[in-house]
Amino acid sequence: MAASVRTRIAPAPSGSIHVGNARTALYNWLFARGQGGVFVLRVEDTDQSRVSEESYQAVLEDMRWLGLAWDEGPEAGGEFGPYRQSLRSDRYDAAALSLVDAGHAYRCYCTPAELAERRKAARGSQAAPGYDGRCRDLTERQRSAFDAEGRSWSLRFRVPEGRTITFDDVIRGTIATPTSQIPDFVIKRSDGSPTYMLAAGIDDALMAITHIIRGEDLIAATPRQLLLREAMAIEDVPVFAHLPLLVQPDGKPLSKRWGDVSVGAYRKGGFLPEAMVNYLALLGWSYDDRTNIFTVDELIDRFSLERVARNPAAFDVAKLEWVNGHYIRSKSPAALAADLELVCVEAGLPAGTVEGRRILTAVAPLLAERMKRLTEAPPMLRFLFGRAAPDDKAAAVLAGQGSYLTAVAERLEAIEKWTAPAIEESLRGLAAERGLKPKHAFQPIRAAVTGTLVSPPLFESLEILGRTETIERLREAPTA
RNA sequence: GGCCCGGUAGUCUAGUUGGCCGAGGACGCCGCCCUCUCAAGGCGGAGAUCACGGGUUCGAAUCCCGUCCGGGCUACCA
């Protein structure tokens, strides 16, 4: 039994979570849960310029919606807090200080503008990755001179020369990087704030994270954070697992121009959290060669880092919709009605009442099997919340049907019990008497009652609508 | 440019100890059935020179080499 697995998701609070981060969060969560470990939520808000309380809340809200409960983090607490980097600057300062004292970091007086210029100049040449190490060995006198000039400084990590940093990635195997490829990187900005490299590296160590599961884009950051740990004499080395990127169907990186990239957008778009979780789990991971639908417990039980794919995965909305449809159909009428109430109210339908709930619960099973997204419901059940003029196609079908609809109304008035089977029996009887094919017998009724040619099953719809309302609509339908 | 990671049908993938793969499943697509519309469901179908070229082997998607293509990193962003 693995004693104490600890994983973490460390989102920047810049609004609703990106689906790629949501997947990373999910994998971390699944792994921790499956190992009986702890899942930590840490907010990386070191870049003060782009955080707001609102977007911070949006992140927590998305996590809750997805059902990814964190054991430690904001609001949950924990012995390794605080869990917002903006509240942990004392730790970063202390680490930076000791790094400088030990000679592992030094002041760099180069300004961003100078760096940009030198980088530009070095572009064409052979080697030259990043910083050229100009301030690496400044003398005390030179430093004083810069200070006298009033130049501000940042702190850079002194990357040791001539070594190769190696680590084993659970998903990709061994990855080795010669330190010649790693320039002296900034760990503390001139405004005193820590960079991601320092803050994340320290926090992962301080929070005793045992498994770092993150995006492939961070694989280049790994040797640097390993170097940082070594310089701070941190013995424990976490297990690394770098997930493949999420891309668009055309293979390009996910961008807003292509479509929705935030969890919030899918939530508003009528997707169920369980569908989102199931689909995201499948984006880059598989259990076997045939299983597509998993309950959360099954995912927790079966998920493993070893079975995560290595190649980028394209986000396919069509498949997400299929998964979503599956979960919509598996919901109980009452539960689905609760979801429908939200989207109906959002769509302006007066569904938020006791009567509204009764209606929604009744149509829920009917709608379930023809929805891929909850947002498709309002147009299909609008007729249950009020009359509307028929659309063009319905109007065309209604033309000249006045006497037939009147006959239908009379039949329905004579029914003893207002139930779908009774309605069906009655209307089929009438159709048979008139020699009408079912389609020709029923479409005019559908048009008259719902105002459209596409609706939930007719007889059930009429039952839910009620006898009085049904008959009135039949008699008052515009058939001219 | 340098370093790193990838490359099985439109998409997600199975295949990881070479033969059971003349490549399996799912979404999507096409057709049929069911049927009061739309769906759902059932059945069937098209779709992959396993990026390309060499090599090793009786035999390679699976091993080796090279090439090409895509992506990531190369920031006082994370």
Side-chain angles (χ1 to χ4, degrees), chain A residues 10-12 14 44 46-47 49-50 108 110-112 115-116 119 122-131 152-156 169 171-172 175-178 180-183 185-191 193-197 199-200 214-221 223 242 244-245 247 249-253 279 282-293 306-307 309-323 325 329 366-372 376 380 397 424 427-428 431 437-443 445-447 450 452-459 461:
Chain A
S14 47
E44 307 215 322
T46 49
D47 189 355
S49 62
R50 47 186 217 190
C108 171
C110 302
T111 66
L115 293 169
R119 213 175 299 129
R123 176 105 44 183
S125 70
Q126 283 293 53
Y131 185 63
S152 58
W153 47 268
S154 62
L155 236 40
R156 282 184 187 275
D169 188 288
I171 298 170
R172 287 156 214 284
I175 295 176
T177 310
S180 60
Q181 288 303 318
I182 308 173
F185 52 94
V186 173
I187 57 177
K188 197 173 176 184
R189 304 187 184 94
S190 51
D191 67 358
S193 64
T195 59
Y196 167 81
M197 214 58 73
R214 62 196 348 181
E216 178 183 43
D217 51 333
L218 258 16
I219 142 160
H242 288 96
L245 263 25
V247 298
D250 62 7
K252 295 278 187 293
Y279 177 66
L282 250 21
L283 260 193
W285 171 85
S286 65
Y287 174 65
D288 58 20
D289 65 345
R290 56 193 64 252
T291 317
N292 285 286
I293 299 296
E306 286 74 16
R307 288 196 62 84
R310 276 175 285 275
N311 52 307
F315 196 94
D316 180 8
V317 178
K319 182 151 185 180
L320 205 211
E321 289 183 327
W322 173 77
V323 173
R329 268 167 256 129
L366 267 30
L367 253 32
E369 61 190 43
R370 54 210 87 219
M371 270 193 296
K372 293 194 294 271
E376 292 168 33
M380 289 194 283
V397 167
E424 174 165 11
L427 295 184
R428 282 195 191 281
K437 292 228 189 257
K439 178 173 182 173
H440 295 116
F442 303 142
Q443 280 299 71
I445 301 174
R446 169 173 277 113
T450 72
T452 73
L453 294 184
V454 177
S455 83
L458 186 61
F459 315 120
S461 294

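Atom set for the values below is all heavy atoms of this structure, side chains included, hydrogens, waters and symmetry mates excluded. Keep in mind that what you see is a predicted model, and the values were worked out from it rather than measured. Here is how names work: the chains are called A, B, and so on, in the same order as the sequence lines, proteins then strands, and each is numbered from 1.
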In whole Å, measure the gap between the C1' atoms of C21(B) and G59(B) for me. 13 Å
If the condition is ring-ring contact (aromatic ring centres under 6.0 Å, His included), which residues does Y279(A) pass it with, not counting sequence neighbours? F315(A)
Strictly by Watson-Crick or wobble contacts shorter than 3.5 Å, is anything paired with A9(B), and which nucleotide is it? none
In Watson-Crick or G-U wobble terms, both distances under 3.5 Å, what is the partner of G53(B)? C65(B)
By side chain to side chain donor-acceptor pair (under 3.5 Å), T452(A) pairs with (sequence neighbours left out) T450(A)
U13(B) versus A60(B) - spacing of their P atoms, nearest Å: 27 Å
With both distances kept under 3.5 Å, what pairs with C36(B), Watson-Crick or G-U wobble? none
Atom P, compared across G25(B) and G42(B): separation rounded to whole Å: 15 Å
What is the distance, rounded to the nearest whole Å, between atom CZ of F185(A) and atom P of C73(B)? 17 Å
For the C1' atoms, the ones on G19(B) and on G15(B), what distance do you get once it is rounded to whole angstrom? 14 Å
On a whole-Å scale, what distance lies between the C1' atoms belonging to U57(B) and C64(B)? 12 Å
C43(B) pairs with, by Watson-Crick or G-U criteria that keep both distances under 3.5 Å: G31(B)
Name the nucleic acid region contacted by I187(A), choosing base, sugar-phosphate or nothing; use a 4.0 angstrom heavy-atom cut-off, strictly under. nothing
Counter-base of A75(B), judged by Watson-Crick or G-U geometry with both distances under 3.5 Å: none
C110(A) near the nucleic acid: base, sugar-phosphate alone, or nothing, with a heavy-atom cut-off under 4.0 Å? base
ring-ring contact (aromatic ring centres under 6.0 Å, His included) involving Y196(A) - partner list, sequence neighbours excluded: none
How would you summarise protein contacts on nucleotides 33-52 of chain B per nucleotide, using B for base, S for sugar-phosphate only and - for none, with heavy-atom distances below 4.0 Å? ---BBBBSS-----------
Compare side-chain N and O positions of R290(A) against OP1 and OP2 of A14(B) and report whether any pair is under 4.0 Å apart. no
Between C73(B) and G55(B), how far is it from one P atom to the other, in whole Å? 39 Å
What heavy-atom pair brings L283(A) and A314(A) nearest, and what distance separates the two atoms? CD2-O, 3.4 Å
Rounded at 0.5 Å granularity, tell me how far NE2 in H242(A) sits from CG in L218(A). 6.0 Å
Would you list the protein and nucleotides 3-13 of chain B atom pairs, both N or O, that sit under 3.5 Å from each other?
from, atom 1, to, atom 2, distance (Å)
C3(B), O4', Q181(A), OE1, 3.2
C5(B), O2', R172(A), NH1, 2.5
C5(B), O2', E216(A), OE2, 2.8
C12(B), OP1, A314(A), N, 3.0
C12(B), O2', L282(A), O, 3.0
U13(B), OP1, G284(A), N, 2.8
U13(B), O3', S286(A), OG, 3.3

RNA chain B: P194(A) or L320(A), which has the more 5' nearest nucleotide? L320(A)
Working note: D169(A) + I219(A), criterion side-chain contact (heavy atoms from CB on, under 4.5 Å); need CA distance, chi angles, decisive distance, verdict. CA-CA 9 Å; D169(A) 188 288; I219(A) 142 160; 5.6 Å; no
Rounded distance in Å between the P positions of G41(B) and G1(B): 49 Å
What's the gap between C33(B) and A9(B) when it is taken at their P atoms, as a whole Å value? 33 Å
Heavy-atom check, side chain of R428(A) versus side chain of F442(A), under 4.5 Å: yes
Are L367(A) and P456(A) side-chain neighbours, meaning at least one heavy-atom pair lies under 4.5 Å? yes
Who pairs with R370(A) by salt bridge (charged side-chain N to carboxylate O under 4.0 Å, His left out), at least two apart in sequence or on another chain? none
Residue pair W322(A), N292(A): steps toward the side-chain contact (heavy atoms from CB on, under 4.5 Å) verdict: CA-CA 11 Å; W322(A) 173 77; N292(A) 285 286; 4.1 Å; yes
